[in-house]
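These notes concern the structure reproduced below.
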Amino acid sequence: MDYLYYPGCSSKGNGIAYEESLKAVFDALDVRMDELPDWNCCGATSYMSVDEWKAVALAARNLGLAERQADGKDGVDMIAACSACYLGLIRAQRYITDYPELGKQVTAGLEAVGISFKNRVRIRHPLDVLMNDIGTERIASRVKHKLAGMKVACYYGCQIVRPYATFDDQQSPVMMDRLMAAIGAETVNWPLKTRCCGGSLSGTVPETGLRLSFILLKEAKKRGADVVATACPLCQFNLECNQGEMRRLFGESLDLPVVYFTQLMGLAFGLPSRALGIQRLFIPLPAHLLSRVQEGGRNVRV
Amino acid sequence: MSGFNSSTNGHPPRIGVFICHCGTNIAGKVNVPEVVEFARTLPFVAVAKEYKYMCSDPGQEMIKHDIQQYGLTRLLVAACSPHIHEETFRKVASEASINPFLFQMVNIRELVSWVTEDGHEATEKAKAMIRAAAKRVLFHDELEPKKYPVKPGVVVVGGGIAGIHAALVMADAGERVYLVEREPSIGGHMAMFDKTFPTLDCAACILTPKMTTVRRHPNITVLSYSEVVEVSGFVGNFKVKVKKKPRYVVEEKCVGCYECIEACVFKEPRFPNEFDLGLGKRKPIYVPFPQAVPPVPMIDPETCIQFRTGKCPKGCVNACGDRDGIDFDQKDEIVELEVGGIIVATGFDTFDASRLPYYGYGIYPNVYTGLEVERLLNASGPTGGEVLLRNGQKPQSVGIIHCVGSRDENTNRWCSRVCCMYSLKLAHLMKERTGAEVYNFYIDIRAPGKGYEEFYDRLLQEGVHFIRGKVAEVSDWAMTPDEENRLVIRVEDTLIGMVRRIPVDMVILSVGLEPQRDAQEVTKLFNISCSTGNWFMERHPKLAPVSTMSAGIYLAGACQGPKDIPDTVAQAGAAAAEVLALTHKSVIEVEPNTAFIDERYCSGCQICVGLCPYSAIYYDEEKKVAVLNEPLCLGCGVCAAACPSGAAQQHLFQDEQLYAEIEGALVGVG
Amino acid sequence: MVQQPHQRRIKYQAELDSDFGRQIAAMPGGEKVYSCIQCGACSGICPMSIYMDYSPRRIIAMIRAGMKNDALRSQTVWLCASCYACSVICPRQIKITDLMYALKQRAIQEGAYPKRFPIPVLAREFFQTVQRDGRTSEGRLIARVYLRTNPWRLLKQASLGYRLLRHGRMSMRRESIRSREELQTLLRSVG
């Protein structure tokens, strides 16, 4: 199983630990992932606000480059780990099909710079690949230390399942919960798992944007979560790095660790924590949880 | 055999073409004078005329007059759909002494003016269709409508209020009625309701007398726990096969004492009662509800110890004693019925609320569907009519969410018509029985029936809250202390223009109506069609609302579309009247569109014999040819299409007629 | 919005742009605005609607009524977090999030957006950076947005920035692709 990998801008900055842990986990599972050469920004939400057609062209360049990598093969799977990138690329594909005039211009524009484009790339989310291609059996067999006793609130965020539900239930996705179960963790029943974290509004209008994140975290904590697992660099940033600001704004200290689901997988696989970017967390995983992981989860809950 | 000289005695045929304006319906798009001019140039056309309303008396008179004056031998009318006026103009032909089948109708309204944007294109299409018909009609033969005797008797499929009412009307008129119901008892959904809107009549009080009358009526045979498995024949002469499923209690021997239920090895009811939607319990041997008709228990083999292990003391058998009514070896039984007409009254299903997880059904125990609440309110329901939540408590506040699975492109597009009113009814009953605060969340209140708006007003007076907005979410996460441990309804109150969060103890989802899950199979069984959304299609939405495209088969009740009880009963009465009009004829005329087999060309390959869905073709071993048993032929055309040698043909759809029509349509097309 | 006492609440037909609804309906995302039944499900599920001057439902009503100025100048479209909850729940399958994008574009084209409101500024900064470099560099982008809208907040956020730097989660490096000219040619050819 070989995949192309579209890192997205965040992987070079705030989301670096997502990339580190994703690569480490895929390595451990012997799944090859090649970075798309000279990829550019997916367009995200901001670009769409200014010029929709250019946003689609921008995303489509990546799709064209991916087809070039496929080297004549009929279709290629490209992993996009960041939710915004994942959606941005899929949305570009849909727009190209749904709005033929736009599709024509984009295809012609790509041809003009020497990129042939047939709209044949399959954009895949890591959760999709892990659950549907690799499978829980293979994942479970790689687990060294079950995350027994660790209560995880799985946070899917918005854009993995909305507006296009490509690999999971749109209303109540379950893939991450099943994945966490496969590595021995306990997941909490948390109805807010696809409610918005505030997205980029946490930076631009913090009093309102941060409240969204605060509500999510507070409810996760109330339901006994030890940690929140995320699948998007912006969600992770909002939920983790802004906890200080939340304390200031809402007068309540949460101190709830927020990690990437791939980091938890890496820990269960027994990979070195530095390879997973664990040291980059603002709110460290509590020692008792980590020690339990290292001791193989045989400890009873403290 | 055909050929356009056969009926004209050697004279060249003379065609009359009559083109209707239909007011502006056709003439507003099609340039009729131009089409008339064009028609005059066609071969064998002796006269072409236009008229504003060809179907009017003067229009018909004009055609008759011209048939005489010009000595017409073929007739062509270009107007609306043949469904509407083919009969009219066939009669005109007859009255002017032309065989009515030497006539062809061209539909330049539904197929041209109504569906073509451009006037020029419409005119050209009308011309092409008239040219095609003028060629085709040359090959028409003189035919006689076929006449068959009509058998007495009617099968009514579905024993809900629609089927019950239709059966009673017909039985009272002296008709023999077979009422087929797939559940163990007749009664349908209405039997599950507590009260009915807007009068708040007790549903059982008004339904059970009718059920009892059905049971006692000498002209009605109830086939409960039975399903129609095969329908053959045609209008006036249907054969219907019904499968009686084993209930393991012999209906003829049972006296309805229910001692068998008392004596069951299970002392307490332990298994979910289907009739109570799983809210109540029953034993393996049970009657679904106290007023069931027939009042005969049945055994559920899934839960009965005897069926599962073969080692039960069989208290039921002992209790029944000499009556010997229990029969563990009962098998499916096929009953064959011959009847003149059929009423399909198979009803509806309710929307499966778990398809919308954001309303929490199946996730939060105190989210119910409207139908479940009917059972909770009902005195014979699982709580004896006391509204208790699954945690055993009385609700202090109740939210009723309208339009669940209705008016929504993600689920069902239609308005289910009854939910507003049943929501109001439930709101009233909840307030009356529990004193709870009741909130209705609606998009629009639709209360157009007699006394319905007044009922809405009554609810407003009673202090029920009405919030206009489609609920976005039912959840169990709290933002304020009073939301803790309750269900929270989040909605935009669109009239105030604010989002509101309203904590409640109980949520009632007003689920919409859907076609029965097996509606598609039913359409195949009865050879009827569906409108969008899988509701059974009436012959005409306004003028033939209970007929279907299959003659002799009628619709009643919600299988045709969502309907409340008054409308259902009215429609059932109408269907009954239509069937009586059919069965009270001694003879029925049928379109002579049957097949015929020209022995000269038949190679004896027997392909048609195997394909004929009505077993109307057999193989003559001596002559080595296929032979048609004409009375059985329904004119489906399968044999004609499949015959490799052209021996099998169908009247009104003969090869030379169709080829002529195609040729006429395509002349001059690139 | 808080109402001022004695503020007139009336719309004259002459103030409306009767073609506005048709124009929006012709943009991607606007296709089904005329199907809206004003049920409010979008606004009920929207986590941001409680901060908006007009709920998304009202924006749709305003589009159809031709209230172009009010719709384009509202904060609503800029407060959309693109979570798509509305698009998914809408019983008429109106792509409300995409509709918001359409309105944002119109607002930027017509210069109708709130000038110092950071969200449109972010959008434009983002657009220009990507146009030039092919990628964004989060640290630089955020710094520029704050400088343009609220420099004081940049100072307040300095400690967060420092922590990100120290954890290796932010760099002030300017990220860029190799084929910048190719990308610019492509972007020029579309639209």
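Just so it is clear, the values below take in all heavy atoms, side chains as well, and ignore hydrogens, waters and symmetry mates.
Between Glu52(A) and Lys104(C) there is no salt bridge, since no side-chain N of the basic residue sits under 4.0 Å from a carboxylate O of the acidic one.
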Does Glu182(C) form a side chain to side chain contact (heavy atoms under 4.5 Å, CB included) with Arg61(A)? I'd like the steps, not just the answer. CA-CA 10 Å; Glu182(C) 171 190 303; Arg61(A) 179 172 174 271; 2.8 Å; yes
Yes or no on side chain to side chain contact (heavy atoms under 4.5 Å, CB included) for Asp98(C) and Tyr95(A), after CA distance, side-chain angles and deciding distance? CA-CA 11 Å; Asp98(C) 294 347; Tyr95(A) 268 55; 3.2 Å; yes
So Glu175(C) and Cys41(A), side chain to side chain contact (heavy atoms under 4.5 Å, CB included) or not? Walk me through it. CA-CA 10 Å; Glu175(C) 295 286 338; Cys41(A) 168; over 6 Å; no
Pair Glu138(C), Cys9(A) - check side chain to side chain contact (heavy atoms under 4.5 Å, CB included), show working. CA-CA 8 Å; Glu138(C) 291 166 341; Cys9(A) 303; 5.7 Å; no
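For the residue pair Cys241(A) and Arg169(C), the shortest heavy atom distance occurs at SG-NH2, 3.3 Å. In this structure, Cys196(A) and Ala81(C) approach most closely via the heavy-atom pair SG-CB, 3.7 Å. The two residues Pro47(C) and Leu212(A) have their closest heavy-atom pair at O-CD2, 3.7 Å. Taking all atoms of both residues into account, the shortest heavy-atom contact from Ala123(C) to Val50(A) is O-CG2, 3.7 Å. Nearest heavy-atom pair, Ile177(C) versus Trp39(A), reported as atom, atom and distance to 0.1 Å: CG2-O, 3.0 Å. The two residues Tyr99(A) and Gly29(C) have their closest heavy-atom pair at OH-N, 3.5 Å.
For the set Ile115(A), Thr204(A), Leu87(A), the count of heavy-atom pairs under 4.5 angstrom toward chain C peaks at Thr204(A). For the options Ser171(C), Cys46(C), Ala102(C), Gly134(C), heavy-atom pairs under 4.5 Å to chain A are most numerous at Gly134(C). The most heavy-atom pairs under 4.5 Å with chain A, out of Met170(C), Met48(C), Met27(C), Gln109(C), come from Met48(C). Heavy-atom pairs under 4.5 Å with chain A were tallied for Leu183(C), Leu79(C), Val190(C); the largest tally goes to Val190(C). When the candidates Ile108(C), Ile45(C), Val130(C) are compared by the number of heavy-atom contacts under 4.5 Å with chain A, Val130(C) comes out ahead. Ranking Thr185(C), Leu103(C), Leu164(C) against chain A, the residue ahead of the rest is Leu164(C), based on heavy-atom pairs under 4.5 Å.
The contact between Glu240(A) and chain C is made entirely by side chain atoms (from C-beta outward), counting heavy-atom distances below 4.5 Å. Contact annotation for Ser202(A): only backbone heavy atoms (N, CA, C, O) come within less than 4.5 Å of a heavy atom of chain C.
Within 6.0 Å of NZ in Lys11(C) there are more than 12 heavy atoms belonging to other residues, nucleotides or ligands.
Counting heavy atoms from C-beta outward, Leu186(C) and Leu58(A) have side chains that stay 4.5 Å or more apart. Using a 4.5 Å heavy-atom cutoff, the side chains of Asp98(A) and Lys95(C) are in contact.
Counting only distance, with no hydrogens or angles, the side chain of Arg135(C) and the backbone of Asn40(A) share no donor-acceptor pair below 3.5 Å. Side chain of Arg162(A) to main chain of Val88(C): no donor-acceptor pair is present (N/O by atom type, distance under 3.5 Å, no hydrogens or angles). Side chain of Lys12(A) to backbone of Ser137(C): no donor-acceptor contact under 3.5 angstrom is found.
Taking CD of Gln170(A) as the reference point, atom OH of Tyr84(C) lies at 12.0 Å (rounded to 0.5 Å). A distance of 9.0 Å separates CD1 in Ile50(C) from OG1 in Thr208(A), rounded to the nearest 0.5 Å. The structure places NE2 of His167(C) at 5.5 Å from CZ of Phe282(A), a figure rounded to the nearest 0.5 Å. Separation of atoms OH (Tyr164(A)) and OG (Ser87(C)) is listed at 9.0 Å; rounding is to 0.5 Å.
Cation-pi geometry between Arg211(A) and Tyr51(C) is not met: the NZ or CZ atom fails to fall both under 6.0 Å from the ring centre and inside 45° of the normal.
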